[in-house]
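Start at 1 and go down the list; that is how both ligands and their atoms are numbered.
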Amino acid sequence: MEQKFIIEGGRQLAGEIGIKGAKNAALKIFPVALMTEEPILVKNLPEIEDVARAQEMLAALGHNVKKLSGDACEIQYQSKRCVNLPAELVNKFRASIMFVGPLLATCGEAEFPHPGGCVIGAGTRPIDEFLDGFAKMGAEVAEKENHYRLTAKKLKGADIFFKKITVTGTECLMTTACLADGTTILKNCAMEPEVSALAEFLNSIGAKIDGAGTSTIRITGVKKLGGGEYNIIPDRIEAGTFAILAAAANNGEIVIQNCRPEHLEALWVNFDKIGIDYNLEKNSVVIKPSKKRLAYGIKTHEYPGFATDLQSAYTVLMTQAQGSCLIHETIYDRRLLFTDLLTQMGANIIMSDPHRVVINGPTKLYGRKLVSPDLRAGIALVIAALIAEGKTEIGNIYQIERGYENIVERLRGLGAEITKM
Ligand code: EPZ
């Protein structure tokens, strides 16, 4: 029987919540392990489904992931198993595409089905930026019925301009280029903090990468990489999500610990416009109940702009704000479809087109039986349920637990009435 969350809304939420290691930083260290035969110690690893999938993928490719105490693990090279990426894993999570480049760089070949795992892009999310980049570095790309086979004797450095800014595309080609012959220049790169954190780690094990965190990254190929320690940065999306929860509940003081407020400047400038009472410290944020909450629209944008991964939670907050605002989701085609579920809960939302909704607030929300359509919409529904009147059931909670560690216990710690059954 599929599990679901049962939430009794309207409770006072107050207290402290600690932020875990960033999912979108953690997923990228496992493919990097294919690039070296030395051990890698990983710390501050979030205990979430996607990380478990990434570890299974690495194990299938011949490495051992040894769980250490707490949130640490050690990745040990065992034997180079140049095999195809296991289809059942590739279909489960999109970040599996990150393993293709390192496999190509160290085995000279990689075979895999089109990655699945995310419903927020229209159709199957494209991988043309990856394939074009590998081809530019000298790989032969063969595709048959959504199955890909890549071969390359030796990858060589190339000049690559990303048609669309892609975080995993930037990270994958940056990593792969470390072992190519010669220099690779990547342009129109993603500038997310996770990209910079990955480059910093790669340089610590012998890579030569300049410019990560800017739109142009220069990688000088080296013969081999060593081993080292990767301390995963706090999850800025989790921190932003809980800050928005506090602003939406608006009935108690909430302290968000172990976070990096400087990674969320686009959220804080919006909080200023709404009138949220918050205070930033070096590694924490305090959110207090605010007298007024004015509607203020957003347009999602690559980092450092407003993160698309925070749009769903912010949309829920806007149902409680005074006035009308436009939410413009520029990155994904289907990420606003979940607003239909908020309308069922009582929100006043008009969809102008798949990328834009107008929200009129404030409206009272009522508990409903819902199903989580994707990871970030799922946590947004949890926020809506926590502030709604009455009981809400949320199904398909795999799409929430794959990105938020121990979410039931942590929300209970704030006073939420939430159970998993
Ligand atoms: C990363 O996805 C994150 N995932 C996403 O978080 C995040 O929403 C996204 O960056 C944007 O910030 C991970 O880091 C694992 P994309 P990424 O598919 O890099 C187009 C979450 O909720 N594109 O590159 O995989 C694509 O259509 C997830 O944690 C191509 O056209 O994002 C989209 O418009 C969701 N061709 C844009 O780029 C390609 O080959 C970005 O999407 C690849 C991408």
Side-chain angles (χ1 to χ4, degrees), residues 20-31 46 48-51 53-54 57 90 92-101 112 114-136 141 143 148 160-175 186 188-198 232-233 235-241 263-264 266 300-314 329-336 338 354-355 372-380 399-405:
K20 303 293 180 183
K23 167 178 88 79
N24 291 344
L27 294 181
K28 318 311 173 47
I29 187 61
F30 297 100
I48 52 178
E49 296 289 349
D50 273 10
V51 165
R53 297 298 82 74
M57 180 71 85
V90 175
K92 267 231 164 88
F93 81 118
R94 173 177 162 76
S96 51
I97 185 79
M98 292 284 299
F99 287 85
V100 173
F112 58 100
H114 195 100
C118 246
V119 295
I120 52 178
T124 52
R125 275 169 67 188
I127 58 169
D128 54 316
E129 301 274 17
F130 295 83
L131 301 177
D132 295 352
F134 295 140
K136 284 231 175 79
V141 179
E143 189 226 329
Y148 302 91
I160 297 165
F161 188 95
F162 289 108
K163 295 187 295 302
K164 275 204 165 176
I165 295 176
T166 157
V167 174
T168 45
T170 301
E171 292 166 331
C172 182
L173 288 167
M174 177 178 79
T175 301
L186 302 176
N188 200 22
C189 296
M191 302 189 278
E192 270 71 358
E194 292 78 22
V195 177
S196 307
L198 184 63
I232 294 173
I233 56 173
D235 194 319
R236 61 191 165 92
I237 302 302
E238 207 184 53
T241 302
H263 289 163
L264 286 160
T300 61
H301 192 278
E302 291 82 4
Y303 192 89
F306 194 95
T308 172
D309 293 349
L310 289 176
Q311 173 266 104
S312 313
Y314 188 89
E329 166 58 57
T330 63
I331 310 280
Y332 293 111
D333 306 316
R334 301 169 51 86
R335 218 168 204 180
L336 278 170
F338 89 104
H355 288 268
S372 167
D374 67 70
L375 168 63
R376 306 299 179 184
I379 199 71
Q399 277 302 334
I400 299 172
E401 296 189 316
R402 59 176 273 246
Y404 298 91
E405 179 183 327

Which atoms of ligand 1 sit under 4.0 Å from any heavy atom of I331? 34 (O)
Heavy-atom contact under 4.0 Å between Q311 and ligand 1? no
Are V100 and C172 side-chain neighbours, meaning at least one heavy-atom pair lies under 4.5 Å? no
Going by heavy atoms, is Y303 under 4.0 Å from ligand 1? no
Here the atoms of ligand 1 under 4.0 Å from any heavy atom belonging to I127 are 39 (C), 40 (O)
Could you tell me if the side chain of L173 sits less than 4.5 Å from the side chain of K136, heavy atoms only? no
Where on D128 is there a heavy atom closer than 4.0 Å to ligand 1, on the side chain, on the backbone, on both, or on neither? both
The ring-ring contact (aromatic ring centres under 6.0 Å, His included) partners of Y404 (sequence neighbours excluded) come to none
Check each heavy atom of M98 against ligand 1 and say whether those closer than 4.0 Å belong to the side chain, the backbone, both or neither. neither
Among H355, R335, Q311, whose side chain to side chain donor-acceptor pair (under 3.5 Å) with E329 holds? Q311
Has ligand 1 got any nitrogen or oxygen that is less than 3.5 angstrom from a nitrogen or oxygen of A95? no
I want to check something: taking the side chain as every heavy atom from C-beta on, are Y303 and V167 in contact at a cut-off of under 4.5 Å? no
Proximity flag I165 to ligand 1, non-hydrogen atoms under 4.0 Å: yes
Among D235, N24, D132, D374, the residue with a heavy atom nearest to atom 15 (C) of ligand 1 is N24
Atoms of ligand 1, numbered as shown, that sit under 4.0 Å from any heavy atom of K23: 21 (C), 29 (O)
Ligand 1 versus V167, non-hydrogen atoms closer than 4.0 Å: side chain, backbone, both, neither? both
As a check for students: among P126, G133, G403, C172, identify the option with a heavy atom nearest to atom 26 (C) of ligand 1. P126
For the pair R402 and I48, evaluate side-chain contact (heavy atoms from CB on, under 4.5 Å) and give the outcome as yes or no after the intermediate values. CA-CA 5 Å; R402 59 176 273 246; I48 52 178; 5.8 Å; no
Just to verify, which of E302, M191, E129 counts as forming a side-chain contact (heavy atoms from CB on, under 4.5 Å) with I165? E302
Please say which of K23, R236, K28 ends up in a side chain to side chain donor-acceptor pair (under 3.5 Å) with E194. R236
Ligand 1 and E129, any nitrogen or oxygen pair closer than 3.5 angstrom? yes
Pick whichever of D309, T300, T168 has a heavy atom sitting closest to atom 28 (C) of ligand 1. D309
Run down the list R402, R335, R376 and name the one with the heavy atom closest to atom 35 (C) of ligand 1. R335
Is E302 close enough to touch ligand 1? Criterion: a residue heavy atom under 4.0 Å from a ligand atom. no
Quick check: does any side chain N or O of E171 sit under 3.5 Å from a backbone N or O of M98, one acting as donor and the other as acceptor? no
Does the residue E192 have a heavy-atom contact with ligand 1, meaning some pair of atoms that are separated by less than 4.0 Å? yes
Could you name the option among K28, K164, H301 that has the heavy atom nearest to atom 20 (C) of ligand 1? K164
Are the ring centres of Y314 and F306 closer than 6.0 Å? yes
L131 and E143: side-chain contact (heavy atoms from CB on, under 4.5 Å), yes or no, with the steps? CA-CA 10 Å; L131 301 177; E143 189 226 329; over 6 Å; no
